> 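Take this structure, written in structure tokens, and hold onto it; I'll ask about it next.
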Amino acid sequence: MKLKRLISGILHGSEIESEFTFFLLYLRSLATSEITRLQLFDLAAEKDAFKNIAKYMKQISVLVEKWRYGQADACEAIAEKIPSETLRDFLVRFAQSIRAGEPLITFLTREFDSYMRSYPEDNLRRVNKLRHLADAYSAIFTSGVFLSTMSFLAAALIFMEFSIPLLIAVVSGTALGMAFLASLIYRAARPDGILIKEKIKTRYRRLLEIGFILAFALSPILFILMYNHSFTLSITLLGMPLLADGIGGKLYVNSVKKREEIYPSFVRNLVSYTAGGVSLLVALKSVLITNYGKLTPMLHRLYAKLKMRVSPFIAWRSFEVETGSELIRRMDTILVDTLYQGGDIEEVGKLMDRVYTEYMAARLRRYRVVSYFQGILVPVHIAMCALLGMMESFFKMLFKYIQLVSRIVPLGYIPPLEFINIYFIFVMVLFSLTNTLAIYFMEGDSRYSFLFFMGLFLVSGSLAYQGLYLLTEQFLSSIRIF
């Protein structure tokens, strides 16, 4: 139970950290309007864009409004329960500011400016740490490949009965070390998911989620059905459904990223019109003269809904769901609430542009490390599987020869031929899983990244395995040794 709470705390703390930048921007933006602290807590508590932080804002509001706590006391009481050090320290400083009678705008301006000054440096340090962790993981993986192959060679040559559990222990120990480093990568990367977390989804997103479930259901079934017929084909079929849905998911994520690239241009144009005192509807009509690529049809539907007097909450929410981007939803929440609360939209537009630029630059730096990491793991994994295929072909023929010799000269324990298949399946699947987790924890775009890389490792590994197996078998048969 303690381990479960620890893991839950780490994951929840990471989710809070990923929301905090935009949450602080939200508070700073609303502070440009005539809003009280309690109203600010109430508004923040309703926002799905910061749902991991919103629940703590709701608890503060309940303590103040129903239990008659002072605002400073409520902030300090809730801060003690928060697993994120960043949010916890912020609420403690907020409580101190309230006790000192400091104006809300003064406190939030200072906090925002201080946070944004350190934001690029913090992200650069995280990226450097990620690179070091990537190098450490790659070293353990390559060492693990060497250990697993050399251990198998030793076990095959000494013919000792204890060699089988020793092999399993070596591979499992290496995988545990890789999994531990993968968890450190997750904590250092603090990946922020690309896709919006909403119950309402577009049709294509629903199809992808159905495919996600089917991929996990079909993979083991296909593996079990084909295992007795073909070892390599069973591994390929284990990965194919995962890879297929992963490719679809990756394509969808890439289209969402393109919308995110265009979105700042829309915000700048909208801010320039509304800052002049133009109503939101008129500003949107003027903004739509410009072409925003894949965002254009979604913006036209947003304008049509607002023109038909559909609730602004529903209209903007449907636009956010259509874009599929969590980042756009967060920025939309800040933009729309500032407009409807009467905040200084010109000042807020500059703040939004600053945060958006820094955030995208930090993401790009992390993606460079991810590309570097993938460039090491994928080729080494394929080479490992090819080596395993060559070894299986060689040792299967060797064991057959040894079994013939053992009828004349007793050789002690001879590993069963079936063990070779089981051992190599174990190595391929286990290392595929740990490598997938490491890349997924560093990239963190969506769960379709997990499907894609797991399928890629299994399919490419099994094909490399089969290719070297057949080549080695043909070579050995041609020289007539066995």
Side-chain angles (χ1 to χ4, degrees), residues 13-32 44 47 49-50 52-53 84-87 89-90 93 105 107-131 186-196 253 256-272 275 295 320 323 325-338 343-372 442-445:
S14 178
E15 289 169 347
I16 291 173
E17 296 284 343
S18 71
E19 292 178 356
F20 183 77
T21 306
F22 303 96
F23 173 72
L24 185 58
L25 174 61
Y26 179 78
L27 299 184
R28 172 67 180 83
S29 301
L30 287 190
T32 61
K47 302 304 165 189
F50 322 111
N52 292 291
I53 298 177
S84 164
E85 184 179 354
T86 305
L87 181 58
D89 292 347
F90 170 76
R93 290 193 298 272
I105 184 66
F107 168 73
L108 290 175
T109 300
R110 184 177 67 252
E111 285 290 317
F112 180 80
D113 290 343
S114 174
Y115 182 82
M116 290 308 298
R117 276 195 298 271
S118 63
Y119 185 80
E121 294 178 4
D122 290 344
N123 276 285
L124 193 57
R125 279 195 295 270
R126 260 202 311 273
V127 167
N128 290 333
K129 186 177 180 181
L130 271 181
R131 185 174 284 274
Y186 177 79
R187 296 192 69 175
R190 295 182 188 174
D192 201 4
I194 298 291
L195 302 183
I196 191 170
V253 169
V256 171
K257 288 179 182 177
K258 289 178 182 177
R259 293 168 199 156
E260 291 178 344
E261 292 172 4
I262 302 167
Y263 180 76
S265 301
F266 160 69
V267 172
R268 290 188 200 106
N269 290 340
L270 186 65
V271 166
S272 66
L295 268 182
E320 292 156 11
T323 64
S325 168
E326 185 66 33
L327 175 59
I328 289 177
R329 175 168 75 161
R330 288 171 180 172
M331 300 304 281
D332 252 10
T333 299
I334 295 162
L335 176 67
V336 173
D337 277 17
T338 301
D344 187 342
I345 191 61
E346 188 172 7
E347 180 184 358
V348 170
K350 293 176 183 176
L351 298 176
M352 289 176 66
D353 195 55
R354 179 184 177 187
V355 170
Y356 206 96
T357 303
E358 292 288 356
Y359 178 81
M360 295 300 280
R363 182 196 281 180
L364 181 60
R365 284 193 291 268
R366 179 163 54 86
Y367 281 168
R368 286 173 184 159
V369 181
V370 173
S371 298
Y372 164 77
M442 187 181 288
E443 182 195 76
D445 281 354

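Because the structure is predicted, anything quoted here is derived from the model rather than measured.
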> Using the test side-chain contact (heavy atoms from CB on, under 4.5 Å), find all partners of Lys258 that sit at least two apart in sequence or belong to another chain.
Lys294
> Taking all non-hydrogen atoms of both residues into account, name the closest pair between Val370 and Met442 and its distance.
CG2-CG, 3.5 Å
> Could you walk me through whether Ile194 and Leu327 satisfy the side chain to side chain contact (heavy atoms under 4.5 Å, CB included) test, starting with their C-alpha distance in whole Å, then the side-chain angles of each, then the deciding distance to 0.1 Å, before giving a yes or no?
CA-CA 7 Å; Ile194 298 291; Leu327 175 59; over 6 Å; no
> Take Asp332 and Tyr263 through the side chain to side chain contact (heavy atoms under 4.5 Å, CB included) test and state the conclusion after the steps.
CA-CA 10 Å; Asp332 252 10; Tyr263 180 76; 2.6 Å; yes
> If I take atom CG from residue Asn123 and atom CZ from residue Arg190, how far apart are they, to the nearest 0.5 angstrom?
8.5 Å
> Applying side chain to side chain contact (heavy atoms under 4.5 Å, CB included), run through Ser325 and Ile196 and close with a yes or a no.
CA-CA 5 Å; Ser325 168; Ile196 191 170; 6.0 Å; no
> Check Glu320 against Thr333 and note the closest heavy-atom contact, atom names and distance.
OE2-N, 4.4 Å
> For ring-ring contact (aromatic ring centres under 6.0 Å, His included), just list the numbers for Phe20 and Phe90, CA-CA rounded to whole Å, side-chain angles, deciding distance to a tenth of an Å, and then say yes or no.
CA-CA 10 Å; Phe20 183 77; Phe90 170 76; 5.7 Å; yes
> Please identify each residue that fulfils salt bridge (Lys or Arg N to Asp or Glu O under 4.0 Å) with Arg368, with sequence neighbours left out.
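For Arg368, no residue satisfies salt bridge (Lys or Arg N to Asp or Glu O under 4.0 Å) once neighbours in sequence are set aside.
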> Between Arg363 and Glu260 (salt bridge meaning N to carboxylate O under 4.0 Å), is one present in this structure?
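So Arg363 pairs with Glu260 through a salt bridge.
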> Determine whether a donor-acceptor pair (N or O, by modelled atom type, separation under 3.5 Å) exists between the side chain of Arg366 and the backbone of Glu443.
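Confirmed, Arg366 side chain pairs with Glu443 backbone.
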> Any side-chain to backbone donor/acceptor pair from Ser29 onto Leu25? Under 3.5 Å, distance only.
yes
> Which heavy atom of Leu24 sits nearest a heavy atom of Tyr115, and at what distance?
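Distance-wise, the nearest heavy atoms are CD2-CB, 3.7 Å.
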> Before you tell me yes or no, could you show the steps for Leu364 and Met360 under side chain to side chain contact (heavy atoms under 4.5 Å, CB included), namely the whole-Å CA-CA distance, both residues' side-chain angles and the distance that decides it to 0.1 Å?
CA-CA 6 Å; Leu364 181 60; Met360 295 300 280; over 6 Å; no
> Nearest heavy-atom pair of Leu195 and Val256: which atoms, and what distance?
CD2-CG2, 4.0 Å
> Pairing donors with acceptors under 3.5 angstrom, does anything connect the side chains of Tyr359 and Asp192?
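Yes - a donor-acceptor pair under 3.5 Å links their side chains.
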> Is there a donor-acceptor contact under 3.5 Å from the side chain of Asp353 to the main chain of Gly349?
no
> Report the residues that fulfil salt bridge (Lys or Arg N to Asp or Glu O under 4.0 Å) with Arg125, sequence neighbours left out, ordered by chain and then residue number.
Asp122
> Can you sort out the partners of Asn269 under side-chain contact (heavy atoms from CB on, under 4.5 Å), two or more places apart, ordered by chain and number?
Val287, Thr290, Tyr292
> Return yes if some donor-acceptor pair links the side-chain N/O of Glu19 with the main-chain N/O of Asn52 below 3.5 Å, else return no.
yes
> Measure the spacing between CZ of Arg354 and OH of Tyr119 and express it to the nearest 0.5 Å.
11.5 Å
> For the residue pair Tyr26 and Thr338, confirm or rule out a side-chain donor-acceptor distance under 3.5 Å.
no
> In chain order, what residues pass the side-chain contact (heavy atoms from CB on, under 4.5 Å) check against Val127, with sequence neighbours excluded?
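Only Arg365, Val369 meet the side-chain contact (heavy atoms from CB on, under 4.5 Å) criterion with Val127.
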> More than 12 foreign heavy atoms under 6.0 Å from NZ of Lys257: is that the case here?
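Yes.
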> Using salt bridge (Lys or Arg N to Asp or Glu O under 4.0 Å) as the criterion, list what pairs up with Arg126, not counting sequence neighbours.
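Residues passing salt bridge (Lys or Arg N to Asp or Glu O under 4.0 Å) with Arg126: none at all.
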> Under the salt bridge (charged side-chain N to carboxylate O under 4.0 Å, His left out) criterion, do Glu326 and Arg330 qualify, and how do the steps go?
CA-CA 6 Å; Glu326 185 66 33; Arg330 288 171 180 172; 3.7 Å; yes
> Could you tell me if Arg93 sits above the aromatic ring of Phe107, with its cationic atom closer than 6.0 Å to the ring centre and no more than 45 degrees from the axis?
no
> If you measure only the distance, is there a donor-acceptor pair under 3.5 Å linking the side chains of Glu347 and Thr32?
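Not at all, the side chains of Glu347 and Thr32 share no donor-acceptor pair under 3.5 Å.
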> First locate atom CG of Leu295, then atom CZ of Phe266, and finally report the distance between them rounded to the nearest 0.5 Å.
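Here the interatomic distance stands at 8.0 Å.
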> Quick one: pull up CG in Asp344 and CG in Leu30 and give me the separation to the nearest 0.5 Å.
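These two atoms lie 12.5 Å from each other.
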> Could you report the tightest heavy-atom contact between Ser84 and Glu17, atom names first, then the distance?
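Closest approach of Ser84 to Glu17: OG-OE2, 2.8 Å.
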